[in-house]
*Asks:* 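Starting off with a structure, shown below.
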Amino acid sequence: MRFDVITLFPDMFSAIKDEGVIARGVKSSLLEIHTWQLRDFSDNKYRNVDDKSYGGGAGMVMQVKPIRSCISQIKQKNPHAKVVYLSPQGQQLTHQLAHEISQLDSVILLCGRYEGVDERVIERDVDMEVSIGDYVISGGELAAMVLIDSVSRQIPGVLGNAQSLNDSFANSLLDYPHYTRPEIIDDQQVPEVLLSGHQANIDAWREDQSLKNTQKKRQDLIEK
């Protein structure tokens, strides 16, 4: 899968391109992450890509032309790439949405800054707006990294063990508790069933714990 990221801060993406699971996916040629400096598409010597908002108000708005020119250049090689704008006004990123996006071959991620992008970009150039939660952060870069990580995990081969996909939300419930060595520490003991070696009992316990964990922490998921 290929990600093309339009951003004012391309160096931020070294955090996922150079470290961890996503970096391994890139090295294995399962993923491609390309960053595009939006200022390279500015049409003035100061490399400005924003201007004051019509109607007044605080903050600057990212202009249409640089964004549209950048998208156009990316689509010369990937004409079917879908454009995703990271925005607090978008649909919330869920496990299901991450899985749906992972079925695409190519995605263009548009990272907003300031007061966001000119609405005409959203109307004509954006296929999907995605939010990582009901709060505001300084720009779309962190949100884009969250999306890349959550989507890339769904790509076959990116995770070393496919069973790692059986995590929280994979079945609409939270994950079950996990334990590791030692068996007893500070008077806390690993549940006996996990030491039994009886896989059917272990699976049943985990399913029960997953349900109880969800009821305790996320009643809204149970109601859904």
Side-chain angles (χ1 to χ4, degrees), residues 1-23 25-26 31-42 47-54 57-75 78 80-102 104-155:
M1 185 172 186
R2 177 183 173 111
F3 298 95
D4 287 278
V5 186
I6 302 174
T7 172
L8 295 176
F9 301 97
D11 290 344
M12 289 181 66
F13 289 84
S14 61
I16 57 171
K17 291 170 66 176
D18 299 338
E19 302 287 346
V21 171
I22 307 305
V26 172
L31 305 171
E32 293 183 48
I33 302 175
H34 302 270
T35 54
W36 299 75
Q37 171 55 265
L38 186 59
R39 295 191 187 280
D40 293 341
F41 296 85
S42 173
R47 305 181 78 211
N48 292 335
V49 295
D50 59 295
D51 210 332
K52 296 178 181 178
S53 176
Y54 280 124
M60 307 290 276
V61 177
M62 297 174 70
Q63 296 172 302
V64 173
K65 188 173 180 181
I67 296 173
R68 194 162 283 168
S69 296
C70 186
I71 291 173
S72 178
Q73 183 164 325
I74 295 171
K75 285 197 171 187
N78 299 284
H80 302 297
K82 298 295 184 181
V83 179
V84 176
Y85 174 43
L86 285 309
S87 162
Q89 298 183 31
Q91 62 178 306
Q92 191 157 344
L93 180 62
T94 62
H95 179 84
Q96 180 60 35
L97 181 57
H99 179 72
E100 291 174 9
I101 295 174
S102 75
L104 303 174
D105 293 326
S106 184
V107 176
I108 299 170
L109 301 178
L110 174 59
C111 301
R113 281 273 161 174
Y114 317 123
E115 294 302 305
V117 305
D118 190 302
E119 186 67 22
R120 290 167 290 187
V121 170
I122 299 173
E123 292 174 354
R124 182 173 297 181
D125 304 282
V126 169
D127 297 299
M128 181 190 308
E129 290 183 77
V130 174
S131 167
I132 61 170
D134 292 339
Y135 50 89
V136 178
I137 53 179
S138 299
E141 285 78 13
L142 291 176
M145 283 186 263
V146 169
L147 185 146
I148 290 172
D149 191 292
S150 62
V151 169
S152 296
R153 292 171 56 84
Q154 311 300 316
I155 306 298

*Asks:* Considering all heavy atoms of both residues, which atom of Val49 and which atom of Ser42 are nearest to each other, and what is their separation?
*Replies:*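 Nearest heavy atoms, Val49 then Ser42: CG1-CB, 4.1 Å.
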*Asks:* If we check side-chain contact (heavy atoms from CB on, under 4.5 Å) with Leu110, which of these qualifies: Val84, Ile6, Leu38?
*Replies:*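 Looking at Val84, Ile6, Leu38, the match for Leu110 under the side-chain contact (heavy atoms from CB on, under 4.5 Å) is Ile6.
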*Asks:* Leu147 and Ile132: side-chain contact (heavy atoms from CB on, under 4.5 Å), yes or no, with the steps?
*Replies:* CA-CA 8 Å; Leu147 185 146; Ile132 61 170; 5.7 Å; no
*Asks:* Around Lys75, counting heavy atoms of other residues, nucleotides and ligands shown, do more than 12 lie under 6.0 Å from its NZ?
*Replies:*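 Counting neighbours around NZ of Lys75, more than 12 heavy atoms of other residues, nucleotides or ligands fall under 6.0 Å, so yes.
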*Asks:* So, taking the atom named CZ in Phe41 and the one named SG in Cys70, what distance separates them when rounded to the nearest 0.5 Å?
*Replies:*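 Atom-to-atom, Phe41:CZ and Cys70:SG are 4.0 Å apart.
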*Asks:* What I'd like to find out is whether the side chain of Met128 reaches to under 4.5 Å of the side chain of Leu97, using heavy atoms alone.
*Replies:*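 Answer yes - side chains close enough.
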*Asks:* Let's go through Tyr114 and Leu8 carefully: what are the C-alpha distance in whole Å and the side-chain angles of both, what is the deciding distance for side-chain contact (heavy atoms from CB on, under 4.5 Å) to 0.1 Å, and is it a yes or a no?
*Replies:* CA-CA 11 Å; Tyr114 317 123; Leu8 295 176; 3.6 Å; yes
*Asks:* Only counting residues at least two apart or in another chain, list the ones meeting salt bridge (charged side-chain N to carboxylate O under 4.0 Å, His left out) with Glu32.
*Replies:*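 Partners of Glu32 under the salt bridge (charged side-chain N to carboxylate O under 4.0 Å, His left out) test: Arg2.
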*Asks:* Please report the interatomic distance OH(Tyr54) to CG(Asp118), rounded to the nearest 0.5 Å.
*Replies:*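 Between Tyr54 OH and Asp118 CG, I get 9.0 Å after rounding to 0.5 Å.
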*Asks:* Going by heavy atoms in the side chains, are Phe13 and Cys111 under 4.5 Å from each other?
*Replies:*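 With C-beta onward as the side chain, the pair touches.
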*Asks:* May I ask you to say whether Arg120 pairs ionically with Asp125, meaning some side-chain N is under 4.0 Å from a carboxylate O?
*Replies:*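 Here Arg120 does not pair with Asp125 in a salt bridge, since their nearest N and O are not under 4.0 Å apart.
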*Asks:* Quick one: does Ile22's side chain get under 4.5 Å of Ile33's, heavy atoms only?
*Replies:*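 Counting from C-beta outward, Ile22 and Ile33 do come under 4.5 Å.
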*Asks:* For Ser87, which residues count as a side-chain hydrogen bond (donor to acceptor under 3.5 Å, both in side chains) partner, sequence neighbours excluded?
*Replies:*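 Testing Ser87 for side-chain hydrogen bond (donor to acceptor under 3.5 Å, both in side chains), a comparison that skips the adjacent residues, returns Glu129.
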*Asks:* Using only atom types and a distance under 3.5 Å, with no angle test, would you say the side chain of Gln37 pairs donor to acceptor with the backbone of Arg39?
*Replies:*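 Side chain of Gln37 to backbone of Arg39: a pair is present.
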*Asks:* Taking the side chain as every heavy atom from C-beta outward, state whether Met12 and Leu142 have any pair of such atoms under 4.5 Å apart.
*Replies:*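 Yes, their side chains come closer than 4.5 Å.
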*Asks:* Is there a side-chain contact (heavy atoms from CB on, under 4.5 Å) between Ile148 and Val5? Walk through the geometry before answering.
*Replies:* CA-CA 10 Å; Ile148 290 172; Val5 186; 4.2 Å; yes
*Asks:* Please find the pair of heavy atoms, one from Ala15 and one from Met145, that lie closest to each other, and give the distance.
*Replies:*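 Minimum heavy-atom separation between Ala15 and Met145: CB-SD, 4.3 Å.
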*Asks:* Taking everything shown except Arg47 itself, do over 12 heavy atoms lie less than 6.0 Å from its CZ?
*Replies:*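 Enclosed: over 12 neighbouring heavy atoms sit under 6.0 Å from CZ of Arg47.
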*Asks:* Looking only at heavy atoms, what is the nearest atom pair of Gln63 and Asn48, with distance?
*Replies:*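 Reported closest heavy-atom pair: OE1-O, 3.9 Å.
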*Asks:* Any idea which heavy atoms bring Ile137 and Ala143 closest together, and the distance?
*Replies:*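 The pair with the smallest heavy-atom distance is CD1-N, 4.1 Å.
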*Asks:* Please examine the side chains of Glu19 and Ser14, heavy atoms only from C-beta on, and report whether any two atoms are closer than 4.5 Å.
*Replies:*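 When only atoms from C-beta onward are counted, Glu19 and Ser14 do not touch, as no gap falls below 4.5 Å.
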*Asks:* Output yes when a side-chain donor or acceptor of Ser53 lies under 3.5 Å from a complementary backbone atom of Val61, and no otherwise.
*Replies:*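 No.
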*Asks:* To the closest 0.5 Å, what do you measure between OG (Ser102) and CD1 (Ile155)?
*Replies:*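 CD1 of Ile155 is found 5.0 Å from OG of Ser102.
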*Asks:* Any heavy-atom pair between the side chains of Gln89 and Ile122 that's under 4.5 Å?
*Replies:*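 In short, these two side chains do not touch, never coming nearer than 4.5 Å.
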*Asks:* Side chains of Met1 and Ile101, heavy atoms from C-beta outward: is any pair under 4.5 Å?
*Replies:*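 A side-chain contact under 4.5 Å exists here.
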*Asks:* Taking the side chain as everything from C-beta on, heavy atoms only, tell me whether Met60 gets closer than 4.5 Å to Arg113.
*Replies:*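 In short, these two side chains do not touch, never coming nearer than 4.5 Å.
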*Asks:* Taking all atoms of both residues into account, what is the closest heavy-atom pair of Ser152 and Phe3, and its distance?
*Replies:*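 That closest heavy-atom pairing would be OG-CE1, 3.5 Å.
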*Asks:* Among Val83, Thr35, Ile108, Val107, which one satisfies side-chain contact (heavy atoms from CB on, under 4.5 Å) with Asp4?
*Replies:*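 So the option named by the test is Ile108.
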